[in-house]
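This report concerns only the one structure given below.
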Amino acid sequence: MKKEIAKNCILTLLIFICVFLFYKIWFSEKLWSSDYNFFAALWGNSPAVTDTSSSIEDILQPKQIIFSGSGKRFISAKGEAGFENYYDKVKSVLGKISDKTKFSESAEEEMLSAVKSSSIIVDFGTVFGGEIGTYLGTYFPCERVKDVVISLNSSAVGKPVVYIRDQADSKVYKTAVDMPLDTLSSTVSKLLAENSGGNIPFAFELGFNKSDISEGSEITQNILLSSSILIDLTDVSAPGISLTPPTDIDLSASKLNTLLRQFGINKSTARKYIETNDDIIYIGGGSTLRISPSGTLEYTAGTEGPAIYDPSSKTALSSAVGNIFSYVRTVFRCFDLQSPALQISSDLVNLLGNTEEITINIDYYLNSVPVMVWENGHAITLTIKNGRLVSYKQQVCTITATDLVLTAGNMLQAVDSLYTSLPLEENEVAIVTDIFVAYSNEKTISWHAKIDGIGELILINKEATP
Amino acid sequence: MNWPRVKTILIFMFLVVDIMLLASIIVPSVGLSRIPQETIEKTCEVLAQRGIEIPPEVIPARRENMGIVELYNIWPESSAIAGKLLGDGFLADGPVYKNGTKTLFLGESEFNYENTSAKKTIAHELIEIGIDVRENLYEEGEFSLRTWQTIKGKKIFESEIYASKADSTINISGYWIFPDRENGVIINTPDTLLDVTGVLIDFINNPLREDKVKITSVEIGYSAGMVYRDTAHKLVSVSPTYKISTSTGSYYMYDALSGNFLYACKNGKIIY
């Protein structure tokens, strides 16, 4: 009997050992890295997931849509109330165009004439490669596009006519869109009746795009404005802003892992340093990521940075834009901050097959006013070479409006001051391609101008008026 | 059914299964903890074909588990480090601090300490300023002592102190990371280091190496990366590193976790 009890004990022990050894073999292997937060991933709130919440179409939305008709104009900027609704109407027209649509060449005067009458102007704010059309559900028959004009005054055709200017060679293409004109015309008329604040002329309507203001005139001007610039004569005002950097730049393990992984740095092999000014530096694989308490995040790639797009792929533009915005938003998520409205402010052209270094700037916006308060103005600057990230600098902060009211005068005052600030020779001509108001610090809004061949220039600074 | 007989068979079966399972755990872990001798010999052959002589016994065969170590550093607080080394009541004159017979010069990353009336041994003087040689690696001469800062017995290659004594004057100089508080040393989760044989193969293509050279030692330790020794940091990370030394006196540092080349020292000059 005792022998049987001993046998039972031995058998039980052997079974336990067997189970234990199986457990040891199956679970001793590390299947994921120590910094992987299994539970966070399980419950779906892992910050390790790169932000791809916005579709390319959302990101590439135009900067503003301008409605014209009956001597009135109404501008709806991206991010403003009603913009999405207006953009849907634009898409209903542009969506009728495909790569099978036949375009014919048009005179520029015809397009400008269309702009003066009942029309919708879609302004992307910056120059994109023509392939942008693919991602907006339409087709642009040109190499570079900045704006599109939808004419609603084509009584001869009885359909809306779309004009597209190729920024590469200034040729204008047009096509009639197969859809009823009446509905769209009445929508625009109603919109203008309800919203228009008067007629805001384009530069070409006032002759600011030509050296001689009127035919035969002896007066010449050597600062010209691009024909598509709107001349708003009302004084511009905006609220003051307050910029708040992240409260803690020493990120938790999982967030840090997300951030470093985005920049191709392996957290488990990255060295961490804290400098005397409390900047935190991570170094891995020759790449450096520096985060300062002021919210500046700066990345410099080592031998090879992470891929942003494939220069040989036809989807280079969408990959580039999608990945760049994903980078920006992931950074904000890692710091538990809400991303402000973003807009690309650099031309994004010739990505396909381009192996040269390109610089891309992105600005934050508050109520349609760009916030350009940093060293080089832009909130985000990145350089890419051969489709790979070379450097990346982002100002991480939240932007809130304050009670201050800031003013910056009107556009003509800005253009006037340009005459004094530009060192032009007698016969030299400067062409202003864009002029806009932006925050130059928390208590100042200033007029900025982009000048062909010169770059960006601050024109007028107006101090805050409480 | 003859239960006693069934039990005996089951005991025998489970015994066999348990032995097999145990073997499957032990055998690979014994094998994995060391680089196979064949691999070491092959590595030596490949290196020899490229003009690099290396005796097989120089290559550390044991696979180590080490992690990055973060050290909170008192160095950026110059008055704090002066207080630690000289005691309270010191006088400051730029980078020079004095307290009685003790003088401290704080450079950008190195310090020089002198006590002109030292009554104790060098080791005791070092303990007094917070460097316990018994906890670190050291070489002692008749009137001198060289010590390297260590973490769990592994050198921080750049953290080195040289001390000498002449009459009653003790001079101590070098670089040392003084943790700014208790628990100021954080050892991250250890990982298995890359095989040194792979790093040695990578060394073949290092453009900085001499054409024909003999490797005299391959050490495993920690490195702060030379760039960051130049500036005082509140927090310094030291990473597991292979130090490959040659007969010409040069050495080459490789990150043992990523395999990245860190820097080299040739003819006394640091090259990145």
Side-chain angles (χ1 to χ4, degrees), chain A residues 1-30 32-36 249-250 253 256-257 264-288 290 293 302-304, chain B residues 3-26 28-29 67-73 75-78 186 188-192 194 222-225 227-228 231-241 255-262 272:
Chain A
M1 191 64 191
K2 275 186 180 173
K3 193 180 168 188
E4 285 310 304
I5 291 169
K7 266 187 181 177
N8 285 343
C9 290
I10 290 168
L11 187 58
T12 313
L13 186 70
L14 286 172
I15 291 168
F16 271 112
I17 291 171
C18 186
V19 170
F20 172 74
L21 290 174
F22 263 116
Y23 171 83
K24 185 107 177 126
I25 289 168
W26 283 352
F27 295 102
S28 63
E29 280 296 311
K30 228 177 16 172
W32 48 81
S33 63
S34 53
D35 48 27
Y36 178 73
I249 58 165
D250 206 354
L256 180 64
N257 189 38
I265 298 174
N266 183 347
K267 181 180 168 285
S268 57
T269 59
R271 294 154 193 263
K272 179 184 177 183
Y273 300 90
I274 300 177
E275 291 197 333
T276 47
N277 59 2
D278 290 325
D279 281 9
I280 302 180
I281 301 161
Y282 298 95
I283 297 177
S287 302
T288 307
R290 176 188 288 266
T303 46
E304 200 172 54
Chain B
W3 276 110
R5 193 172 172 78
V6 171
K7 275 185 209 166
T8 310
I9 293 167
L10 280 172
I11 286 170
F12 181 73
M13 275 174 57
F14 272 105
L15 196 65
V16 171
V17 170
D18 285 353
I19 289 168
M20 283 170 67
L21 288 173
L22 205 62
S24 72
I25 291 171
I26 292 168
S29 66
I68 290 175
V69 179
E70 293 169 4
L71 300 123
Y72 284 90
N73 192 12
W75 195 278
E77 307 286 331
S78 49
I186 298 165
N188 289 331
T189 317
D191 239 324
T192 308
L194 291 175
Y222 291 94
S223 172
V227 177
Y228 288 93
T231 330
H233 286 76
K234 282 184 178 178
L235 183 137
V236 180
S237 282
V238 290
S239 182
T241 300
D255 190 301
L257 288 172
S258 65
N260 290 328
F261 170 68
L262 297 174
Y272 297 101

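Atom set for the values below is all heavy atoms of this structure, side chains included, hydrogens, waters and symmetry mates excluded.
Annotation for Thr241(B) and Ser239(B): closest pair OG1-O, 2.7 Å, computed over non-hydrogen atoms. Nearest heavy-atom pair, Glu4(A) versus Pro4(B), reported as atom, atom and distance to 0.1 Å: OE2-CB, 3.4 Å. Between Leu194(B) and Ser258(B), the closest heavy-atom pair is CD1-C, 3.4 Å. Of all non-hydrogen atoms in Leu14(A) and Ile11(B), the two that sit nearest each other are CD1-O, 3.4 Å.
Proximity to chain A (any heavy atom under 4.5 Å) is shown, for Asp18(B), by both the backbone and the side chain. Looking at Leu21(B), both its backbone and its side chain come within 4.5 Å of chain A, counting heavy atoms on both sides. Using a 4.5 Å cut-off between heavy atoms, Phe22(A) touches chain B through backbone and side chain atoms alike. Proximity to chain A (any heavy atom under 4.5 Å) is shown, for Leu71(B), by neither the backbone nor the side chain.
Taking OG1 of Thr8(B) as the reference point, atom NZ of Lys3(A) lies at 7.0 Å (rounded to 0.5 Å).
Comparing Asp279(A), Leu13(A), Ile15(A), Ile10(A) by how many heavy-atom pairs each has under 4.5 Å with chain B, the most go to Ile15(A).
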